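Since the model is a prediction, treat every value here as computed from it, not as a measurement.
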Amino acid sequence: MADVKLLGIGKAFGETQILHHVDLDIHDGEFIVFVGPSGCGKSTLLRVIAGLEDISSGELRIGDRVVNDVPPAERGIAMVFQSYALYPHMNLYDNMAFGLQLNKMPKEEIDRLVQHAAKILGIDHLLDRKPKDLSGGQRQRVAIGRAIVRKPDVFLFDEPLSNLDTALRVRMRYEFAKLHKDLKTTMIYVTHDQVEAMTLADRIVVLSAGNIEQVGSPLDLYEYPDNLFVAGFIGSPGMNFIEATVEAAGDTETTVRLRDGAVVRCAVNAAAAKTGDAVTLGIRPEHITRDTSTNVLNAKTIFVESLGSVTYAYCEFAGVKEELTCVLDGTVRVQSGDALQLGVAANRCYLFNAQGKAFQRLGLTHA
């Protein structure tokens with residue numbers, strides 16, 4: 001096992017800068033997830049760590065070694081790609097053993113490592129089969145097994161579940177979490193799916209345009225996003241953003257006025273703001289309720305999705321770019337065209353200044 005340190009890492013392709021002075025400490029045995037939209041640089045950053053891309057600037061350390069100029073095969077890493085990249089003419093045993101055979105490892109040691117990895121992954125009964133005889137999830141397990149037998153210091157995963165169907169992705173998320181618990185090895189995982197990030201990570205690294213926006217535990221990022229980008233990216237469905245102006249700013253509570261005239265109390269320290277300042281009120285869909293004892297939002301439904309346990313209501317609301325999304329209890333009966341009185345607790349409100357920086361939220365225990 002090993003820690004990974006990125007010190008001022010930059011990556012450019014010609015005149016185009018992809019990564020901008022990335023600083024990050026990944027602890028020994030930690031499960032880190034890089035997440036962000038397409039083109040944010042997360043896969044490039046993973047490939048830089050793997051040695052598949054040269055570093056334009058900065059220093060990369062794996063364990064106690066600077067590895068900027070160390071070939072991928074000598075970095076102590078193993079990488080699992082989006083595509084399984086299995087040899088179709090070989091059975092599973094040979095697919096997993098092939099790299100060890102090239103390194104002239106004794107047959108007894110190869111057999112021990114392959115059998116051990118196959119047992120961990122629950123594919124020990126499939127070792128005589130070829131890839132064409134397997135499901136997508138089983139093929140992905142073989143690709144992971146091929147990495148496990150190398151006994152790397154660091155595992156790198158580049159969107160390994162994106163080729164699987166929804167139900168299998170859920171199952172494989174559990175498998176990855178169990179694998180990390182069993183192996184206790186440093187793992188770095190890239191995905192565009194924030195649900196995968198939230199369920200798997202010890203810490204999440206949110207990237208945008210080659211910059212790190214925020215690093216923290218899943219609950220930290222959910223409850224205390226640093227800015228509008230992180231707030232909008234973490235959470236499903238995404239956070240509602242509503243135009244507002246400051247009515248009264250304080251260090252324990254701030255009141256804002258919405259475009260429809262409604263006044264909303266927020267348990268937010270916005271003492272640095274002034275009356276009349278333009279701000280953005282953030283409300284997560286799951287925090288909107290029918291309880292109007294604190295704050296009242298008057299909206300009109302334009303579309304409803306009833307999913308059994310929950311009801312998604314999409315509403316017209318002044319100051320929202322698209323629509324106000326609400327996740328209500330499944331017992332709530334709502335139809336398109338209904339006028340709704342909705343509520344949100346003061347300590348469930350987020351507030352961002354004109355530059356998109358979050359004001360400090362109060363009233364919740366920090367994760």
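In this structure, S306 contributes its side chain and G308 its backbone to no donor-acceptor pair below 3.5 Å. Using a distance-only test at 3.5 Å, with no hydrogens or angles considered, a donor-acceptor pair links the side chain of R284 to the main chain of Y222.
Interatomic distance, I55 CD1 to D69 CG, rounded to the nearest 0.5 Å: 8.0 Å.
E213 and N227 share a side-chain donor-acceptor pair at under 3.5 Å.
Annotation: cation-pi geometry satisfied between K11 and F13 (NZ/CZ under 6.0 angstrom from ring centroid, within 45° of ring axis). No cation-pi contact links R259 to F317, judged by a cut-off of 6.0 Å to the six-membered ring centre and 45° from its axis.
Screening residues 308-319 for side-chain hydrogen bond (donor to acceptor under 3.5 Å, both in side chains) gives E305-Y314 as the qualifying pairs, with residues at least two apart or on separate chains.
The nearest pair of heavy atoms linking A345 to N295 is C-ND2, 4.2 Å. Of all the heavy atoms in L207 and P37, the pair that sits closest is O-CD, 3.7 Å. Contact detail for A299 and L324: the closest heavy-atom pair is CB-CD2, 4.4 Å. The two residues I234 and M198 come nearest to each other via the heavy atoms CG2-SD, 3.7 Å.
Put simply, the side chain of M187 does not reach to within 4.5 Å of the side chain of V154, judged on heavy atoms.
In this structure, D54 places its CG atom where only 12 or fewer heavy-atom neighbours from other residues, nucleotides or ligands lie under 6.0 Å away.
If you look at F34 and Y189, their ring centroids are not closer than 6.0 Å.
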I'd like a table of donor-acceptor pairs (distance under 3.5 Å, sequence neighbours excluded) in which one partner is a side-chain atom from residues 270-282, with atom names and distances.
{"from": "D277", "atom 1": "OD2", "to": "K274", "atom 2": "N", "distance (Å)": "2.9"}

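A salt bridge (Lys or Arg N to Asp or Glu O under 4.0 Å) with D25 holds for exactly one of R61, R203, K5; it is K5.
Residues forming a ring-ring contact (aromatic ring centres under 6.0 Å, His included) with F98 (at least two apart in sequence, or on another chain): Y87.
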